[in-house]
Amino acid sequence: MKDKAVYVRSTGASPYKFNEEHPFSPLRAELAETLLEASGALPSESVLEADTALDQELELIHRSEYIKAVRGLSLPVPPASAAGLARRFGLDSEDTPYFVGMHDAAAAIAGGSIAAAEAVMSGRARHAFHMSGGLHHAFPGHGSGFCVYNDAAIAIASVRQKHGARVLYIDTDVHHGDGVQYAFYEDPDVFTYSIHETGKYLFPGTGFTHEKGIDKGFGACCNVPVQPYTEDESWLECFTETVTRVARAFKPDLILSQHGCDAHAYDPLSHVHCSMRIYLEMPRLIRQLAHELCGGRWVALGGGGYDQWRVVPRAWSLVWLVMSDHPLAARLQEPQGRLSPLPQAWLDRWQPQAPATLPRHWLDDTSAWAPMPRRSEITVQNRQAWELASQDF
Ligand SMILES: [Zn+2]
């Protein structure tokens, strides 16, 4: 098999939208997908349409009473008990309010992540990308942080059940991947790794270095909390030093990664100050580790990312360019390729609707950015964190 990659589309995911004001919008995936199309990087033979997840698949992670409540709260006319149900199951908050069609949309997202994992485990493809997935905050019995069903955890549980494979989960969203971590906290065969802005300042307030798993799962969990205002150099040092050690120590059969792109300086919901550079380097390293350690078996999901115009389309497209070995991914690595322009057709299509000027290039010109005043102090603090996080590996 060539180094084939599949792009998984979960059509039923597009109604996953809380309300007009909510930052988690399905437009994000559309913007990214159209950027790939305009770049000539998404041939139709790479696309796989996924089925929606079955209840028995959702139940690999979620409690049946929760699934039943999500169904009830998805109706155009919710049951009389809706207010109580929503409160009990974490679906009454401003972050994660229930909406019409919620169950079907969230189950479609879970189906996409299962299909991506299955494409890789069955040998149909070496890599798979499901951009609409990565809802890493959902718990077995309650929704949280914009997440209703935890498609990442469901896909991992499905791989465990069908193939018995050891899975390394790599979460690069700026928020701690709490839902996935706790789903496998006692499991020695699922390693959960998360690099994120420290929970001291950011939702969900967990993901400290001392969280390492419990019982048989102790040692199969690694958290790398970074400081607010962390920039590219220090972020990449933290990521490279830790994820490489963890992956080599754990020796996975499959890597499943979550690509929330909210650690970018433009993101409105966090304080980390990275550029598009990390969103090129990070998938490159994950891909390299997958080839070194597990026959290239790599599944990537989307996740957070709330500058939907300037950041998300580029960041998620980069995951796919790296995964599919597109020549542009190599060109962006070269000094003269750093200012490769975005396709004009994409800019022309979306600029009229965008509230901000769209970037012209794939990568950011950080020479125009003011360095963070506490850069050296932050670098030292981050170094202490990654040394502590990786001391066992
Ligand atoms: Zn996030």
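None of these values were measured; they are calculated from a predicted model. Heads up: numbering here begins at 1 and tracks the sequence. Start at 1 and go down the list; that is how both ligands and their atoms are numbered. All values below were derived from every heavy atom in this structure, side-chain atoms included, with hydrogens, water molecules and symmetry-related copies excluded.
- A parallel orientation is assigned to the rings of Phe208 and His210, their planes being inclined by less than 30° (bins at 30° and 60°).
- Asp262 has its closest N, O or S atom to the Zn ion (ligand 1) at the position named OD2.
- Side-chain contact, Asp171 with Gln181: no donor N or O sits under 3.5 Å from an acceptor N or O.
- A side chain to side chain contact (heavy atoms under 4.5 Å, CB included) with Tyr66 holds for exactly one of Ile61, Val148, Leu58, Leu85; it is Val148.
- Among the atoms of His136, no N, O or S atom falls under 2.8 Å of the Zn ion (ligand 1).
- Side chains of His259 and Ser257: a donor-acceptor N/O pair is present below 3.5 angstrom, by distance only.
- Atom ND1 is the N, O or S atom of His175 at the shortest distance from the Zn ion (ligand 1).
- The minimum distance between the Zn ion (ligand 1) and any N, O or S atom of Asp173 involves atom OD1.
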